[in-house]
Amino acid sequence: MATVNSGLNRHEKGEAVADAASSPFYTRDATRMDIAAIAAIYGFHVTRGAGTFEEVAPSPDEVRRRFDNVRARGLPWRVAEIDGAVIGYCYASPYNARSAYKFTVQSSVYVDPRWQHRGIGTALLQDVIRACKALGYHQILAAIGDSRNEGALRLHAVAGYRTIGQALRVGVKFGRWVDVVYMQRSLSDPNVPPPAGDPTGFCVAEDQTGP
């Protein structure tokens with residue numbers, strides 16, 4: 001891996017990586033200063049892609065609320081940066097509010113379309129996987145919108161996820177039926193029984209009734 005001559009060591013600045021075009025990028029923890037860039041990247045995917053089933057791009061204030069919720073739980077939210085510009089992000093969130101799911105999280109990763117297919121999404125996803133392992137989580141899942149989304153499917157496969165199922169035609173976007181592909185990666189030895197305690201940052205939801 002390449003390093004960035006930035007005056008900061010890798011732990012302070014993040015992990016430096018060289019993409020296919022030899023433009024170095026590094027990954028680091030996201031901060032509230034990154035919210036506008038994160039909202040812009042996600043907004044593109046909402047309005048132009050089927051990877052997410054949201055149809056109206058959330059405001060920066062709403063993105064900030066989601067960010068704060070993830071970070072308040074101690075879960076990872078990482079960004080990739082080139083020359084001071086945020087070009088992608090990835091985070092983990094609770095898979096389900098019911099407490100029996102407490103050792104399972106769900107990952108989400110989005111990259112600026114101008115910087116896709118350069119290893120950025122893979123680097124971000126691997127960061128989040130490592131962080132979730134360290135926090136004591138057992139499984140990480142991804143719900144990938146659109147079975148035609150070959151880039152996202154390949155990205156997750158490279159990161160060690162495997163396809164576990166597909167929900168057919170459960171969404172409608174851009175005037176066509178859209179599938180959801182579910183992928184999963186184990187974060188620990190499946191032969192080890194569940195720990196007696198909770199993973200770091202786990203919060204019991206007040207409402208676990210659900211539909």
Between [X] and [Y], is there shared hydrophobic-cluster membership here, with clusters defined by ILVMFWY side-chain heavy atoms closer than 4.5 Å?
X: L135; Y: I129; result: yes
X: V170; Y: V178; result: yes
X: Y89; Y: F44; result: no
X: Y95; Y: V180; result: yes
X: V109; Y: L141; result: no

**OP:** With salt bridge (Lys or Arg N to Asp or Glu O under 4.0 Å) as the test, would you mind laying out the steps for D61 and R66 before giving the verdict?
**Re:** CA-CA 9 Å; D61 284 344; R66 299 178 190 185; over 6 Å; no
Nearest-0.5 Å distance, [atom1] of residue [X] to [atom2] of residue [Y]:
X: Y110; Y: Q116; atom1: OH; atom2: CD; result: 11.5 Å
X: L153; Y: M183; atom1: CG; atom2: CE; result: 6.0 Å
X: S107; Y: L124; atom1: OG; atom2: CG; result: 11.0 Å
X: H117; Y: R154; atom1: NE2; atom2: CZ; result: 7.0 Å
X: L75; Y: Y91; atom1: CG; atom2: OH; result: 11.0 Å
X: R185; Y: I164; atom1: CZ; atom2: CD1; result: 14.0 Å

Original post:
So which of V111, L125, I120 actually passes side-chain contact (heavy atoms from CB on, under 4.5 Å) with C90?
Top reply: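 Option passing the side-chain contact (heavy atoms from CB on, under 4.5 Å) with C90: L125.
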Which atom names give the shortest non-hydrogen contact between [X] and [Y], and what distance separates them?
X: F174; Y: G49; answer: CE1-O, 3.4 Å
X: A143; Y: Q106; answer: CB-NE2, 4.0 Å
X: T27; Y: A123; answer: CG2-CB, 4.3 Å
X: A30; Y: I38; answer: CB-CD1, 4.4 Å
X: Y161; Y: A142; answer: CE2-CB, 4.0 Å
X: C132; Y: A92; answer: SG-CB, 3.6 Å

Original post:
Is it true that a side-chain atom of T52 and a backbone atom of E54 form a donor plus acceptor pair closer than 3.5 Å?
Top reply: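 Yes; judged by distance alone, with no hydrogens or angles, the pair exists.
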Determine whether [X] and [Y] make a side-chain contact, defined as any pair of heavy atoms from C-beta on separated by less than 4.5 Å.
X: Y42; Y: P58; answer: yes
X: R73; Y: F202; answer: no
X: R176; Y: R148; answer: yes

Original post:
Have S188 and Y137 got a donor and an acceptor in their side chains that come within less than 3.5 Å?
Top reply: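 Distance-only check fails for S188 and Y137.
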Subject >> Full working for salt bridge (Lys or Arg N to Asp or Glu O under 4.0 Å) between R65 and D68 >> reply: CA-CA 5 Å; R65 185 196 67 78; D68 288 346; over 6 Å; no
**OP:** Mind running salt bridge (Lys or Arg N to Asp or Glu O under 4.0 Å) on E55 and K173 for me, showing each step along the way?
**Re:** CA-CA 8 Å; E55 296 184 281; K173 203 163 184 186; over 6 Å; no
Subject >> H156 vs Q184, side-chain contact (heavy atoms from CB on, under 4.5 Å): CA-CA, chis, key distance, verdict >> reply: CA-CA 9 Å; H156 286 80; Q184 181 176 353; over 6 Å; no
**OP:** Evaluate the criterion side-chain contact (heavy atoms from CB on, under 4.5 Å) for residue pair I140 and T104; output intermediate values, then yes/no.
**Re:** CA-CA 6 Å; I140 188 165; T104 301; over 6 Å; no
Original post:
Is it the case that more than 12 heavy atoms not belonging to F53 sit under 6.0 Å from its CZ atom?
Top reply: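 Counting other residues, nucleotides and ligands, CZ of F53 exceeds 12 neighbours.
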Original post:
Counting only heavy atoms not in D189, do more than 12 sit closer than 6.0 Å to its CG atom?
Top reply: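 Buried by this count: over 12 neighbours within 6.0 Å.
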Subject >> Test: R28 and D127 ion pair at under 4.0 Å >> reply: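 Result for this pair is no, no salt bridge flagged.
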**OP:** Test side-chain hydrogen bond (donor to acceptor under 3.5 Å, both in side chains) on Y182 and Q166 and set out the steps.
**Re:** CA-CA 6 Å; Y182 295 98; Q166 187 170 338; over 6 Å; no
**OP:** Report the C-alpha distance between R169 and D179 in whole Å, list the side-chain angles of each, state the deciding distance to 0.1 Å, and finish with yes or no for salt bridge (Lys or Arg N to Asp or Glu O under 4.0 Å).
**Re:** CA-CA 5 Å; R169 299 177 293 280; D179 308 329; 5.2 Å; no
**OP:** Kindly indicate, with the supporting measurements, whether the criterion ring-ring contact (aromatic ring centres under 6.0 Å, His included) is fulfilled by F103 and H138.
**Re:** CA-CA 5 Å; F103 289 104; H138 181 67; 7.5 Å; no
Original post:
Hey, mind stepping through D112 and W115 against side-chain contact (heavy atoms from CB on, under 4.5 Å) and telling me if it holds?
Top reply: CA-CA 6 Å; D112 184 315; W115 292 95; 4.1 Å; yes
